[in-house]
Asker: 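This structure is in structure tokens; I'll ask about it shortly.
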Amino acid sequence: MNSTLTGAVAIYLTQVRAELSDLPPGELEDVLQDVTDHLTEVAGEFDAEPTLSDLQARLGTPRQYADELRTAAGYPARTEPVSQDYLTSGWKALRWGLIAGTVGPFFVAVSIFAWSHDETAFFGLLGLGVLFVAAFLGVRALRGNDPRIVLDTPRGAQWATAVRGWIDQIPPNVRHELVTIGQPVWWVARGMIGAGGFFALFGAASVTVVGAVAGAAVSIWIGRRTQQDRRWLWYVVPLNVVAAVAIPSFLAAAYVGASFGFLNNYNDYRGSARGYEPPTKGVVVDGTTVSNIYPFDAQGKQVAVRLYDQDGNPISMELQDCATSYGQESRDTTSNLFPQAVVVPDENGDTGPDNCKESTKAPFVPPPAPATRTASPTPTAAPTASSTPTSVKPSGTPGVTLTVQPTR
């Protein structure tokens with residue numbers, strides 16, 4: 001049976017199939033192939049895509065059309081309504097499809113905006129697990145029947161009519177462009193974004209482009225496969241919902257700021273913590289805030305110094321002495337004199353305001369200073385002793401001569 005029929009024609013064909021479901025399987029497929037060809041010809045006679053009302057006005061209800069086929073082919077008239085098991089299979093398949101297309105994407109969306117990597121992994125795997133398990137159960141519920149049997153159920157027919165009404169609001173030329181151009185573009189986009197985003201999220205930036213191209217190829221293959229086997233819709237439709245949720249969520253998260261959700265997890269993989277803001281005061285060394293500085297001279301003796309930066313600005317830190325901790329007077333709470341006094345416990349381990357003690361002594365023993373190599377003095381030639389006095393006449397003093405007696 002041709003599975004490329006769409007819209008009201010596909011719904012009408014499914015309903016006719018339900019009316020002929022009591023025929024032997026081999027004969028049923030032969031009859032439905034003829035029906036498919038006939039419906040294609042009838043649909044081509046309309047200026048626009050026909051609706052269910054148009055087809056019923058032309059061919060009668062699906063039950064009437066099926067009865068005419070039985071008479072023409074010599075099959076007995078159907079004496080019982082459509083099998084309840086047949087309708088039950090359609091309803092079960094539809095129900096599992098709804099779970100796969102709603103509950104699964106919901107948990108995936110929760111994982112996108114989770115605050116930690118563990119939550120993202122948990123809700124993401126939970127959502128994908130629900131999606132694929134529900135889709136698998138939906139396909140099994142079909143029991144080998146055509147996937148369009150879901151449209152034979154009252155709820156399925158109702159929703160199909162509603163959706164068809166919305167689609168009919170789109171101009172025919174726009175619908176044609178969406179199918180012929182928009183569908184392949186969507187296949188490529190969902191594959192590239194899905195695969196590329198996966199590799200980028202988990203830190204494999206070097207293979208992001210390759211993964212995106214491979215994802216596009218796989219997505220196109222799945223799209224073509226779905227056109228040939230409609231059972232794939234139970235997997236593809238929920239994944240399309242996930243893509244439709246993830247892409248706007250990613251853009252919204254990027255607009256608000258990369259400090260939450262999976263963008264934060266991406267930053268975590270790159271070594272930055274969620275919500276981290278560098279301090280605006282004080283000194284930071286290797287990401288750790290320095291609270292005090294204990295200077296020592298070359299001999300290992302603790303000294304007091306004042307620190308300034310390259311522009312002459314004082315390097316100040318918050319005071320931690322008794323006056324700052326327990327004092328009542330307003331005072332400058334920062335200083336650039338180091339080491340700064342800090343509150344220390346007394347012999348009883350008490351640091352309360354009544355007997356507050358403070359100290360500037362380093363709470364550690366400094367390691368020995370590294371040995372420094374000193375340049376050896378350059379040897380100079382020893383003066384040569386002379387027994388002969390040397391006369392020197394100072395410049396600018398006429399007639400005066402100084403005699404320098406050499407030392408032995």
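All residue numbers refer to positions in the sequence shown, counting from 1.
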Asker: Holding to ring pair (Phe, Tyr, Trp, His ring centres under 6.0 Å), I want the full list of residues that pass it with W232, two or more places apart in sequence or in another chain.
Answerer: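 By the ring pair (Phe, Tyr, Trp, His ring centres under 6.0 Å) rule, W232 matches W221.
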Asker: Run the side-chain contact (heavy atoms from CB on, under 4.5 Å) test on W186 and N240 for me, step by step, so that the C-alpha distance in whole Å, both residues' side-chain angles and the decisive distance to 0.1 Å come before the verdict.
Answerer: CA-CA 9 Å; W186 170 249; N240 284 342; 3.2 Å; yes
Asker: Provide the closest heavy-atom pair for P238 versus A100 in the form atom of the first, atom of the second, distance.
Answerer: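 In terms of heavy atoms, the two residues are closest at CB-O, 3.2 Å.
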Asker: Is the side chain of Q64 donor-acceptor paired with the backbone N or O of T61 at a distance under 3.5 Å, no angle test?
Answerer: yes
Asker: Does any pair with a residue in residues 121-135 pass side chain to side chain donor-acceptor pair (under 3.5 Å), and if so which ones, sequence neighbours excluded?
Answerer: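 Listed once each, the pairs would be none.
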Asker: Considering only distance and modelled atom types, tabulate donor-acceptor pairs under 3.5 Å from the side chains of residues 290-297, sequence neighbours left out.
Answerer:
{"unit_1": "N292", "atom_1": "OD1", "unit_2": "Q340", "atom_2": "N", "d": "3.1"}
{"unit_1": "N292", "atom_1": "ND2", "unit_2": "Y294", "atom_2": "OH", "d": "3.2"}
{"unit_1": "N292", "atom_1": "ND2", "unit_2": "Q340", "atom_2": "O", "d": "2.9"}
{"unit_1": "D297", "atom_1": "OD1", "unit_2": "Q299", "atom_2": "N", "d": "3.1"}
{"unit_1": "D297", "atom_1": "OD1", "unit_2": "G300", "atom_2": "N", "d": "3.1"}
{"unit_1": "D297", "atom_1": "OD1", "unit_2": "K301", "atom_2": "N", "d": "2.7"}

Asker: Could you measure the distance from the OG1 atom of T36 to the CG atom of L13? Nearest 0.5 Å is fine.
Answerer: 4.5 Å
Asker: Begin from the C-alpha positions of W187 and I222 and carry the test side-chain contact (heavy atoms from CB on, under 4.5 Å) through to its verdict.
Answerer: CA-CA 9 Å; W187 290 349; I222 292 176; over 6 Å; no
Asker: Would you please name every residue forming a side chain to side chain contact (heavy atoms under 4.5 Å, CB included) with D309, sequence neighbours left out?
Answerer: D311, N313, I315
Asker: Who passes side chain to side chain contact (heavy atoms under 4.5 Å, CB included) against F106, sequence neighbours left out?
Answerer: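 For F106 the side chain to side chain contact (heavy atoms under 4.5 Å, CB included) partners, ignoring immediate neighbours, are V110.
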Asker: Applying side chain to side chain donor-acceptor pair (under 3.5 Å), can you list everything that pairs with D34, at least two apart in sequence or on another chain?
Answerer: none
Asker: Can you see which heavy atom on A93 is nearest to which on A141, and at what distance?
Answerer: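 Taking A93 first and A141 second, the nearest heavy atoms are N-CB, 3.6 Å.
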Asker: So do the side chains of V108 and F123 get within less than 4.5 Å of each other, counting heavy atoms only?
Answerer: no
Asker: Write down the atom of G104, the atom of V130, and the distance for their closest heavy-atom approach.
Answerer: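 Where G104 meets V130 most closely, the heavy atoms are N-CG1, 4.0 Å.
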Asker: Check salt bridge (charged side-chain N to carboxylate O under 4.0 Å, His left out) between K357 and all other residues, then give those that pass, not counting sequence neighbours.
Answerer: E347
Asker: What distance do N336 atom CG and R306 atom CZ have between them, rounded to the nearest 0.5 Å?
Answerer: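 Here the interatomic distance stands at 5.0 Å.
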Asker: Under the criterion side-chain contact (heavy atoms from CB on, under 4.5 Å), I'd like the reasoning laid out for L319 against T334: C-alpha separation, chi angles, the key distance, then a yes or no.
Answerer: CA-CA 5 Å; L319 292 173; T334 61; 5.7 Å; no
Asker: Verify, without hydrogens or angle tests, whether E358 (side chain) and C322 (backbone) share a donor-acceptor contact under 3.5 angstrom.
Answerer: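 Yes; at least one donor-acceptor contact below 3.5 Å.
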Asker: A side-chain contact here means heavy atoms from C-beta on lying under 4.5 Å apart; do L239 and R190 qualify?
Answerer: no
Asker: Give, for atom CG of L69 and atom CG of L20, the distance between the pair rounded to the nearest 0.5 Å.
Answerer: 6.0 Å
Asker: Side chain of S219, backbone of G215: donor and acceptor closer than 3.5 Å?
Answerer: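 Judged by distance alone, no pair lies under 3.5 Å.
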Asker: Between D37 and T40, does any side-chain donor sit less than 3.5 Å from a side-chain acceptor?
Answerer: no
Asker: Please lay out, stage by stage, how V283 and M317 fare under the test side-chain contact (heavy atoms from CB on, under 4.5 Å).
Answerer: CA-CA 8 Å; V283 178; M317 293 183 184; 3.6 Å; yes
Asker: Taking salt bridge (charged side-chain N to carboxylate O under 4.0 Å, His left out) as the definition, give me every residue that meets it alongside R95, ordered by chain and number, with sequence neighbours left out.
Answerer: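 Residues passing salt bridge (charged side-chain N to carboxylate O under 4.0 Å, His left out) with R95: none at all.
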Asker: Does any part of the side chain of T51, heavy atoms only, come nearer than 4.5 Å to the side chain of L55, both counted from C-beta?
Answerer: no
Asker: Return the set of residues passing salt bridge (charged side-chain N to carboxylate O under 4.0 Å, His left out) with E45 (not counting sequence neighbours), or none when no residue passes.
Answerer: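 Listed in chain order: R58.
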Asker: Suppose we screen for side chain to side chain donor-acceptor pair (under 3.5 Å). Which residues come up paired with Q320, at least two apart in sequence or across chains?
Answerer: none
Asker: Partners of D67 by salt bridge (charged side-chain N to carboxylate O under 4.0 Å, His left out), sequence neighbours excluded?
Answerer: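 Per chain and number, D67 pairs via salt bridge (charged side-chain N to carboxylate O under 4.0 Å, His left out) with R63.
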Asker: Which one of W96, W234, Y235 satisfies the side-chain contact (heavy atoms from CB on, under 4.5 Å) criterion with F136?
Answerer: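 Exactly one candidate clears the test, Y235.
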Asker: Nearest 0.5 angstrom please: F46 CZ to D54 CG, how far?
Answerer: 5.0 Å
Asker: Is the number of heavy atoms from other residues, nucleotides or ligands within 6.0 Å of CZ (R140) greater than 12?
Answerer: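 Open.
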Asker: For T226, which residues count as a side chain to side chain donor-acceptor pair (under 3.5 Å) partner, sequence neighbours excluded?
Answerer: none
Asker: Do H38 and L59 have side-chain heavy atoms sitting under 4.5 Å apart?
Answerer: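 H38 reaches L59 side chain to side chain.
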Asker: If you measure from SG on C356 to CG on D321, what distance do you get to the nearest 0.5 Å?
Answerer: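 CG of D321 is found 8.0 Å from SG of C356.
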